[in-house]
Amino acid sequence: MSEFHYELGADGVAVITWDVPEKSMNVMSNEGYHELGSLVDKGLADDAVKGIVITSGKDSFAAGMDLNVLAKLKDEAGDDPAPVIFNWLMEAHKLLRKIERAGMDPKTNKGGKPIAAALPGTALGIGYEIPLACHRIFAADNPKAKVGLPEILVGLFPGAGGTTRLSRKLGAMAAAPYLLEGKTLEPTKAKAAGLVDEVVPADELLAKAKDWVLSAGDADIIKPWDQKGYKMPGGAPYHPAGFMTFVGASAMVNGKTKGVYPAAKALLSSVYEGALVDFDTALKIEARWFTGVLMNPSSSAMIRSLFVNKGALEKGAVRPADVPDQRVQKVGILGAGMMGAGIAYVSANAGIEVVLIDSTQEAADKGKSYSEGILDKGISRKKVTPERKEQVLARITATTDYALLDGCDLIVEAVFEDPKVKAEVTAKAEAVIGADCIYATNTSTLPIGELAKASKRPEQFIGIHFFSPVDKMLLVEIIKGAQTGDRAVAKALDYVRQIRKTPIVVNDARFFYANRCIIPYINEGVRMVGEGIAPALIDHAAQMMGFPVGPLQLVDETSIDLGVKIAKATKAAMGDAYPDGAADEVLFWMAEQGRLGRKAKAGFYAYDEKGKRQGYWPGLADKYPLLDTQPELSEVQHRLMFVQALEAVRALEDGVLMDIREGDVGAILGWGFAPWSGGPLSWLDILGSARAVDLCDGLVARHGDRFTAPNLLREMAEKSESFYGRFGASKKAA
Ligand code: NAD
């Protein structure tokens, strides 16, 4: 099946149209590359062709490279994959260079055919790298379109010449937001930034591009870098201004990434080294660094978790197949507090009718006003129109009247974390709602099976666990009680899809999955304070592994009294098996001192009047004097990583996790587990099961049994297995 079409008009302009069959957006495949290459050859070889326009048959140009192709590239490249990957990249460079040089004489730069890109909408990744190789970029005036190079966000960098071309077109400094941060722009802003050349009305797009092609002369189609005397805008590295840029960029990248993302470093190196040589050598350098990135296990793990598997989960990979569409029309939300208010906003924003209930009208109204606040902020940032705000708010009915729940097809309960209160509102809601309605609880700690006892229809009872703040956090954890039926699971998944978040489905057990792993992370950090390890070493060790916040900062944010409450409840439930006495000693003492965290402006950190962190609280060192000899950074890091990763393995062993993809994607989106690693199970795969077991044995000897390698990991080490090797085909644990 053809992905590109070719049509030569009477005007002598050949139009190459990208239109991948049966896809709503174009993505580049290996076949696509070959087709585009041969059509460009055809146009350049035909004397009747005066010039070429490359456009799309869809309302967007292209979403980028098919990352599934990249994900498989290394595995399918044989025993020595690096040269295979490098040659593959050089083929792409050759094709784009052919477009750029367009048949012109290498010496005189004359006689080439003008080639324009005409972008009807979004053009990302290779979808912008192809236009960058063309001689002029026309974009339709489509404010919904996005133009740019977001590769860095999935652990890659633009590897089809985008890095080399954009840095030479704009200069390293001006290109930095697009290359290093993956920033994308709508066409008008893209023109102002120099990413596209012209923005034209959508219905004139092709005509304008053709007009240009027919009028362009030799001088209009030579790229600056192919002309004598080309100088990089803003200065190349040995120019004084360029020197400042590169030193600054390097510091910024290392500051932001802590050196754990190979793609960011490789990108900088490509720009820097490429700037010192001619254009074609620079492309080779880009290809070498890109090969290095693809050879790094971090990149394949990131693509696998953040693109392939995240996408699969969002599309319903774990949805019961035989249940018909369960999209939600009207949701009833019980409790308009912090969580209920956020759930109301994301639901109404997705077009769902919302009934938001609290025990007083004032509390319900306050919950609704949360949405108003978010929408007003959106208006001030020009992301939301006043009409949109009215539409969204009109969907939310704030009330105390349970009778208004009539007609709801989903209830999400978010009242106090108290089984009695929860049972009471379950009964009140079930007295009104229809027989088909699914009832979900947003509890973070109470077993779903226990709460379901208050329901008349436990097969329609399920956990839908949001993370705070609801409008920002991307993950939703769906929890199946022992009696939860398939329709409830399908309903929860269809709802999560409507509100555009990523779901994982887990079985019912203490703390489900995410909190089960976060709590040991916090406890390990707190325990280290008690041992006399410097607090800065603890938090920095975590951040240098790629965590957004260290455990001490995290517990200050979530509050120390919540930690105490959870610890007491867990201890009561577990009895002698409770492992965290050493952490509790510190936590309980902090609570006694009234240091309850950021909300009290006093915690592991000291805070100023406005609640801004002011460094660690000096009183900590009086109570827990620092060890004379502090541990190695790697020891602290291994403790913090293993304590979470082993919990993920135990969750898999226990059957709480049913799919390793969910364990990895859930960890990154749910609590920011080192994204560069692809998630805790991917991280263990990168280490290798045998090395992981060895490290665990060492940690057990030095720090205790909580680091005991689970049987599953030990067995895998004996058989030289990896998680994705063992569970990869079925993705299932069972
Ligand atoms: P919150 O105290 O901010 O809100 C609870 C709301 O429920 C209050 O507005 C209260 O007035 C209302 N309420 C209490 N009893 C009621 C009743 N009988 N009828 C109607 N409304 C009633 O608490 P929250 O942080 O929003 O947490 C709500 C639930 O979400 C809890 O189960 C909690 O464990 C869970 N949760 C919280 C977080 C978090 O980070 N805060 C994260 C995930 C899940």
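We count residues from 1, following the sequence as given. Note that ligands are numbered from 1 as they come in the structure, with each ligand's atoms numbered from 1 the same way. Quick note: numbers below take in every heavy atom, side chains included, and nothing from hydrogens, waters or symmetry partners.
Side chains of D401 and T399: no donor on one and acceptor on the other come within 3.5 Å. Side-chain atoms of N523 and R706 form no donor-acceptor pair, as typed in the model, at a separation below 3.5 Å.
Of the possible polar contacts, one joining the K258 side chain to the G255 backbone as a donor-acceptor pair under 3.5 Å is found.
For the side chain to side chain donor-acceptor pair (under 3.5 Å) test, no residue two or more places apart in sequence or in another chain qualifies with S371. For R510, there are no salt bridge (charged side-chain N to carboxylate O under 4.0 Å, His left out) partners at least two apart in sequence or on another chain.
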Mind listing the side-chain donor-acceptor pairs of residues 461-475 below 3.5 Å, one per line with the distance, residues two or more places apart or on another chain?
unit_1, atom_1, unit_2, atom_2, d
H465, ND1, E477, OE1, 2.9
D471, OD1, Y370, OH, 3.0

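Contact residues for ligand 1 (protein heavy atom closer than 4.0 angstrom to any ligand atom): G335, A336, G337, M338, M339, D358, S359, Y402, A414, V415, F416, E417, V421, K422, V425, N442, T443, S444, H465, F466, S468.
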